[in-house]
Amino acid sequence: MIKIENLTVQKGGSTILTDVSLKFGQGGITALIGPNGAGKSTLLNAIAGLIAPKMGTVEVEGLNMARARAPERAHRVALLAQNEHVTARLTVRDLVGFGRWAHHQGRPSEKDHHKIAEAIASFDLGELAERRLDSLSGGQRQRAFVAMAWAQETPWMLLDEPLSALDPRHVRDIMDRLYILTRPSIGQRSVVIVLHDLGIAARYADRIVALKDGQLITSGPRGLTMTGRMLSDLFGTNLSIERVAGRDVVVPV
């Protein structure tokens, strides 16, 4: 479970998040939505324990993330931040292997190699495993980064806008894989993802956390929270939820 109580975060004298309280259990996909500057990335980093709160607490599976040591946090959450930078000379296998560092500290075991192979297979990177990152398309490269986070084998994956600049085919490919891998099964993971594409949130999210001006607007199951009225108020423009081919679609009105 992720449990956040009265979280206030300040940066450079400015308050980014104000008195945010929410909690949700494992499983499925939780989408963080809201306009630019809402505090979504800050909340994700606070969950990861990378930002010390001015007030309040963040717990992941009972661990106070602000007080925990880095190795402890690395066994609770895998964070994929925006604009990850790595050397282009790395292969896909090398990159995915970084996700196991918290487990082997430079001495990979047979289990680590197995988990790397499992992550590569889960994201259909087998034919690309020995390719260098600079030889891949944007969608292939982003899939490799998500696989790296998956290989960390944490109960929670925190993904900050992993779909930005991807074409619709690659967006759907990554989200389809995440959806399948977050369903009930052995080794099920939980994903918290920052999304700007409301259509993707409407299609894939199990839970919605909506932020505006650093404050929590609503949180809960998508079917209950993601309404046309809520989205219109959140983004300051008229939006509605329509059913198209059996799926919810967000449309301007």
Quick one: do [X] and [Y] make a salt bridge, cutoff under 4.0 Å?
X	Y	result
Arg100	Glu153	yes
Asp173	Arg143	yes
Asp248	Arg222	yes

More than 12 heavy atoms of other groups within 6.0 Å of [X] [atom1]:
X	atom1	value
Arg107	CZ	no
Asp213	CG	no
Lys3	NZ	no
Arg172	CZ	no

*asked:* Check for me whether Arg183 meets the cation-pi criterion with Tyr179, that is, NZ or CZ under 6.0 Å from the six-membered ring centre and within 45 degrees of the ring axis.
replied: yes
*Are Arg76 and Trp156 in a cation-pi contact, defined as NZ or CZ under 6.0 Å from the six-membered ring centre and within 45° of the axis?*
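No cation-pi geometry.
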Any donor-acceptor pair under 3.5 Å linking the side-chain atoms of [Y] with those of [X]?
X	Y	result
Glu242	Ser240	yes
Asp112	Ser109	yes
Ser41	Asp160	yes
Gln26	Gln188	no

Of the non-hydrogen atoms in [X] and [Y], which two are nearest, and what is the gap between them?
X	Y	result
Arg93	Glu130	NE-OE2, 2.7 Å
Val209	Ser219	CG2-CB, 4.0 Å
Met230	Ala210	SD-CB, 4.1 Å

*Within the side chain of Arg73, is there an N or O that forms a donor-acceptor pair under 3.5 Å with the backbone of Leu63?*
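Not confirmed, Arg73 side chain does not pair with Leu63 backbone.
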